[in-house]
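Note that the numbering runs from 1 along the sequence shown for the chain.
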Amino acid sequence: MIEAVGRHRRKNGPPMASVLATDSDGLGRVRWRLAEPATPDAWDYKPLVQVTRSDFPICPICRWEGDLTDEHVPPARLGGAVLTRTCAACNNAFGSYEDTLLKRSEQRYTMAVRGPGISNERRISDVIVRRDDAGREMLTTWNGFWPDWFTPVFTDTGYEYRLEQPCACWAYAAALKNAYLAACALAPDVVLKPGQWPVADSLRQQLLNWRDSDEHLTLAAHFNRIQVRYEEPRLDKPAVTLCQATHRQTGERRQVIWMGWHLVVEWPIDRARISLTDE
């Protein structure tokens with residue numbers, strides 16, 4: 001049966017991975033009971049303005065005035081394009097966070113295996129679970145290849161399998177970083193006149209803390225409430241777009257940033273002060 005636990009903790013932080021576990025059914029087959037699907041999106045999105053590239057003389061995150069490098073927002077594989085430039089330190093430091101964001105958005109897991117002939121535990125990265133038109137689940141890897149040692153797991157009995165999702169905190173940090181850079185490109189004064197955008201500057205400091213710390217990620221209360229969703233593609237072309245989201249049942253309205261193919265992040269900083277026209 002499915003088990004949902006944390007793989008391990010760092011100090012007093014939350015679990016580093018959500019775990020789905022199942023045992024061999026005694027017939028040499030893998031039998032999966034998948035978790036319930038994510039709740040359907042209850043929001044309607046009205047595009048307001050598409051975000052275009054905006055370069056600055058300094059890094060929008062750390063305010064470094066040296067050499068800057070192109071920054072894709074969101075990552076290119078999620079449909080992102082170069083939207084601004086950041087310093088190499090910020091670009092590189094968030095690389096592992098964005099790898100985690102990619103894995104969560106693409107539903108890639110790490111598979112841990114225990115059983116006969118395996119000392120302690122062996123692990124396979126980038127495992128995916130898919131369902132065909134007949135409702136049957138298929139277990140495969142991102143590149144379609146299994147290591148040679150894994151063959152007995154499908155043909156013999158007595159194995160335990162565990163699927164671990166990448167750390168939600170790292171993916172969340174990457175999503176906030178991309179949303180912050182999108183906000184900077186849309187409202188350049190976030191970078192050029194930071195005193196007028198106190199929430200944005202607080203988020204910038206939060207990003208710097210994550211960049212420079214080896215500790216498990218912690219969030220200021222305000223940023224912990226920002227909603228991040230992975231939706232089915234809704235826009236004809238991948239783009240970064242400021243949208244007005246309206247809840248179908250309650251009528252509540254929020255400003256969100258739709259990034260790339262299907263990443264939606266609530267507007268992360270001071271409320272957008274943008275003049276919109278019908279053009």
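- Distance check, rounded to the nearest 0.5 Å: OG1 of Thr110 to CZ of Arg162 gives 10.0 Å.
- Ala76 and His72 make their closest contact through CB-CD2, 3.8 Å (heavy atoms, listed as atom of the first residue, atom of the second, distance).
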Salt bridge (charged side-chain N to carboxylate O under 4.0 Å, His left out) between Arg254 and Glu266, intermediate numbers included: CA-CA 7 Å; Arg254 297 180 181 178; Glu266 187 177 347; 3.6 Å; yes
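- With a 4.5 Å cut-off on side-chain heavy atoms, Pro57 and Leu68 do not count as touching.
- With rounding to the nearest 0.5 angstrom, the SG atom of Cys167 is 9.0 Å from the OH atom of Tyr97.
- Cys62 is listed as a side-chain neighbour of Arg211, based on a closest heavy-atom distance under 4.5 Å.
- With a 4.5 Å cut-off on side-chain heavy atoms, Glu106 and Arg77 count as touching.
- The cluster map of Ile, Leu, Val, Met, Phe, Trp and Tyr, joined by side-chain heavy atoms under 4.5 Å apart, puts Ile257 and Val190 in the same cluster.
- Between Leu242 and Leu186, the closest side-chain pair of non-hydrogen atoms falls below 4.5 Å.
- Around atom CG of Asn143, more than 12 heavy atoms belonging to other residues, nucleotides or ligands sit under 6.0 Å away.
- Looking at Tyr159, its side chain does come within 3.5 Å of a backbone N or O of Pro116 through a donor-acceptor pair.
- Between Gln244 and Asp44, the side chains place no donor N or O within less than 3.5 Å of an acceptor N or O (distance only, hydrogens not considered).
- The minimum heavy-atom distance linking Val73 with Val240 is given by the pair O-CG2, 3.3 Å.
- Annotation for Arg253: atom CZ does not count as buried by contact number, only 12 or fewer foreign heavy atoms lying within 6.0 Å.
- Connection of Phe56 to Trp64 is not established within any shared hydrophobic cluster, with ILVMFWY side chains joined at heavy-atom distances below 4.5 Å, either directly or through further cluster members.
- Within 6.0 Å of atom CG in Asp212, more than 12 heavy atoms from other residues, nucleotides or ligands are found, so the atom counts as buried in its surroundings.
- No single ILVMFWY cluster, assembled from side-chain heavy atoms under 4.5 Å apart, contains both Val191 and Ile61.
- Leu102 has its side chain within reach of Arg108: a pair of non-hydrogen atoms, C-beta onward, lies under 4.5 Å apart.
- For the pair Ser105/His262, a side-chain contact is recorded, criterion being any heavy-atom separation below 4.5 Å from C-beta on.
- Just one of Glu252, Gln227, Arg248 meets the side chain to side chain contact (heavy atoms under 4.5 Å, CB included) condition when paired with Trp43; it is Glu252.
- Note that the CD atom of Gln206 and the CH2 atom of Trp210 stand 4.5 Å from one another [nearest 0.5 Å].
- Remark: side-chain polar atoms of Arg104 are paired, donor with acceptor, to backbone N or O of Pro166 under 3.5 angstrom.
- Summarising the geometry, atom CH2 belonging to Trp267 is positioned 11.5 Å from atom SG belonging to Cys243; distances are rounded to the nearest 0.5 Å.
- For the pair Pro60 and Thr84, the minimum side-chain heavy-atom distance is below 4.5 Å.
- Between the side chain of Thr141 and the backbone N or O of Phe145, at least one donor-acceptor pair lies under 3.5 Å.
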Residue pair Asp55, Arg53: steps toward the salt bridge (charged side-chain N to carboxylate O under 4.0 Å, His left out) verdict: CA-CA 7 Å; Asp55 293 336; Arg53 179 169 180 169; 3.1 Å; yes
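- Between Glu164 and Lys103 there is no salt bridge, since no side-chain N of the basic residue sits under 4.0 Å from a carboxylate O of the acidic one.
- Hydrophobic clustering keeps Phe94 apart from Ile58 (ILVMFWY residues linked when any side-chain heavy atoms are closer than 4.5 Å, directly or through intermediates).
- Looking only at distances, no side-chain donor or acceptor of Trp170 sits under 3.5 Å from a matching main-chain atom of Ala173.
- Stacking of Arg122 on the aromatic ring of Trp149 is recorded, both the 6.0 Å distance cut-off and the 45° axial limit being met.
- For the pair Pro268 and Val199, the tightest heavy-atom approach, listed with the atom from each and the gap, is O-CG1, 4.1 Å.
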Intermediate values then yes/no, side chain to side chain donor-acceptor pair (under 3.5 Å), Glu98 and Asn178: CA-CA 9 Å; Glu98 295 195 325; Asn178 280 272; 2.8 Å; yes
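- Arg114 has a carboxylate O that lies under 4.0 Å from a charged side-chain N of Glu121, or vice versa, which qualifies the two as a salt bridge.
- By the 30° and 60° cut-offs, the orientation of the rings of Trp146 relative to Phe150 is parallel.
- You'll find the side chain of Asn91 reaches within 4.5 Å of the side chain of Glu71, heavy atoms only.
- In this structure, Ile118 is a member of the same hydrophobic cluster as Ile124, with clusters built from ILVMFWY side-chain heavy atoms closer than 4.5 Å.
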